[in-house]
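These notes concern the structure reproduced below.
A quick note: this is a predicted structure, and the numbers were derived from the prediction, not measured.
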Amino acid sequence: MDWGALHTILGGVNKHSTSIGKIWLTVLFIFRIMILVVAAERVWGDEQDDFVCNTLQPGCRNVCYDHFFPISHIRLWALQLIFVSTPALLVAMHVAYRRHEKKRQFRKGDQKCEYKDIEEIRKQRFRIEGSLWWTYTGSIFFRLIFEAVFMYAFYFMYDGFRMPRLMKCSAWPCPNTVDCFVSRPTEKTVFTIFMIAVSSICILLNVAELCYLLTKFFLRRSKKAGNSKQQPNHENKEETKQNEMNELISDSCQNTVIGFSS
Amino acid sequence: MNWAGLYTVLSGVNRHSTAIGRIWLSVIFIFRIMVLVVAAESVWGDEKSAFTCNTQQPGCNSVCYDHFFPISHIRLWALQLILVTTPALLVAMHVAYQQHREKKLLVLTGHGDAKHMEEVKKHKMRIAGSLWWTYVCSVVFRLLFEAVFMYIFYMLYPGYQMMRLVKCEAYPCPNTVDCFISRPTEKTIFTVFMLVTSSICIILNMAELIYLVVRACARRSQHNSNPSSGKGSFYGHKHSSEYKQNEINQLLTEQDGSLKDMLRRNSGLQEKGDRCSAC
């Protein structure tokens, strides 16, 4: 169970996302997860082995490393990426539930023969409206919150994003103030800034997606209100279509909805 | 065979679980197994090599490490996750057995073609009858294993906090020696994280157990108030398969040759039985 498995799980959600959501997912996988796995993990790989303190006192190096790096950048980013990608699973669960309901209706032999077979239900893309809209918006909201929380935790723990070359440590059992040297500080600074920048881009994409969804929602609402004023007999286009279909069905569609017979 | 293999095996069980069961499975794979593989293993990676004692005495380092860490956190969590996920295989086995029986029945009644076999494989089993008992047992075992491992953890490592310094006087260390643990704060953070997710999983399991018991009682009371219809009852599955058998026997004696009619009636029966399967 690794990043590849997460990619498989989340790839399914991609179908039901908005365009901004798809861009966000791509940025997440290519510019954050892939960079983390392919580059950043190597840079931080020897962080403790090559953390050198100017003392022979046993234990001083361990204690100073622990004091300055309560949790490694790499682990923080890994946790951030896991938490930020999981709200999308709420959407996946909701879509799976809707699909299940449609399959049940189909099997019962309901008079809605929009679907020729179960395969079509499985492949169908659901529109983001109704309760799915709320789930989707909720998931974006959670994503934003998690991103913000982790950015704050990062800033709080590491007091800015720069990695210094030298740290002065006086924790016991170090005999007095001891100089400790961090390995690859510049490279770490570069990657830290990169990851922070991509994080900010993801936050912006999420905010944009939220605004887009809200705008779409209000537009649809005003369109509905406008339509109902013009045509009081037809509540909306879908119901007109449904009535037509019901008429066609009662004329010709007697034995269509039986999975076995085809 | 690694975590990915386990994931493949268990995602098949997912189909026949309740909604809470699916949430539990997602929490296990994403917040426990994935965090273990992707983050925690690298934190504990150098736990022995970076365990330093303030002595030059050969062997003291190894002995002290062994004294304070009889079994590493990572291995304990791996064992816990394997044991906690495997009761779901009981359910998988039971479902496979039921599917085998259904296939045999179809073959006996002359519907042994590939399409019907596929349909048997794809349709979701209701958690009723003996499958209910198997499912409840698997949830109980999960709870038991989680509780046992939490207790073992508490016995081996009282408290969740990892100390920076431990004092060791095991032979051959000359006297009380200071030993320093690598990355104690990071280890504490991950220990707390794994404990929290473990507790969430225990709560989910208990909720699932309560849900199953309440549903069974509701079905039973429905059955008692409406004894003529056996389909929505606690023993609904048993009754519906016997009912199906009677229908098939009747059809065979009437020599109803039309496959379509037989299938339509068969599917009609099955769908009525599956009415409450969305759990």
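Contact record, B:Val43 with A:Arg75: CG2-NE, 3.3 Å, taken as the closest heavy-atom pair. Here the closest heavy-atom approach between residue A:Pro70 and residue B:Ile189 is recorded as O-CD1, 4.1 Å.
Counting heavy atoms from C-beta outward, A:Asp66 and B:Phe180 have side chains that stay 4.5 Å or more apart. Contact of the A:Trp172 side chain with the B:Asp178 side chain is registered, since non-hydrogen atoms from C-beta on lie closer than 4.5 Å. Between A:Leu89 and B:Ile30, the closest side-chain pair of non-hydrogen atoms falls below 4.5 Å.
Against chain B, the residues from residues 52-62 of chain A that qualify, each with a non-hydrogen atom under 4.5 angstrom away, are A:Gln57, A:Pro58, A:Gly59, A:Asn62 in number order. Contacts from residues 133-142 of chain A to chain B, taken as heavy-atom pairs separated by less than 4.5 Å, involve no residues at all.
Heavy-atom distances place no part of B:Leu36 under 4.5 Å from chain A, backbone and side chain included. Using a 4.5 Å cut-off between heavy atoms, B:Leu6 makes no contact with chain A at all. Only the backbone of B:Cys53 comes within contact range of chain A, with at least one heavy atom under 4.5 Å from a heavy atom of that chain. For B:Asn54, the parts lying near chain A are the backbone and the side chain together; criterion is any non-hydrogen pair under 4.5 Å. B:Arg183 touches chain A through backbone and side chain together, each having a heavy atom under 4.5 Å away. In this structure, chain A has no heavy atom under 4.5 Å from any part of B:Ser49. Neither the backbone nor the side chain of A:Ile74 has a heavy atom closer than 4.5 Å to any heavy atom of chain B. Within the 4.5 angstrom heavy-atom criterion, atoms from both the backbone and the side chain of A:Ser72 approach chain B.
Other residues, nucleotides and ligands contribute only 12 or fewer heavy atoms inside 6.0 Å of the OH atom of A:Tyr155. Around the CE atom of A:Met157, the shell of radius 6.0 Å holds more than 12 heavy atoms that belong to other residues, nucleotides or ligands.
Ring pair B:Phe193/A:Phe83 is perpendicular by interplanar angle, where above 60° counts as perpendicular and below 30° as parallel.
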Next on the checklist: Apply side chain to side chain contact (heavy atoms under 4.5 Å, CB included) to residues A:Ile71 and B:Phe190 and explain how you reach the verdict.
Outcome noted: CA-CA 9 Å; A:Ile71 176 168; B:Phe190 276 96; 4.0 Å; yes
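The structure places CG of A:Leu6 at 13.0 Å from CZ of B:Phe29, a figure rounded to the nearest 0.5 Å. Taken from OG1 in B:Thr185 to CZ in A:Phe68, the straight-line distance is 12.5 Å, to the nearest 0.5 Å.
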Show me the donor-acceptor pairs, under 3.5 Å and distance only, between side chains in residues 29-42 of chain A and residues at least two apart or in other chains.
unit_1: A:Arg32; atom_1: NH1; unit_2: A:Glu147; atom_2: OE2; d: 2.7
unit_1: A:Arg32; atom_1: NH2; unit_2: A:Glu147; atom_2: OE1; d: 3.2
unit_1: A:Arg32; atom_1: NH2; unit_2: A:Ser199; atom_2: OG; d: 3.1

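Scanning for side chain to side chain donor-acceptor pair (under 3.5 Å) contacts around B:Ser198 gives B:Arg32, B:Gln80, B:Glu146, with sequence neighbours left out.
The residue among A:Pro173, A:Ala171, A:Ala78 with the most heavy atom pairs within less than 4.5 Å of chain B is A:Pro173.
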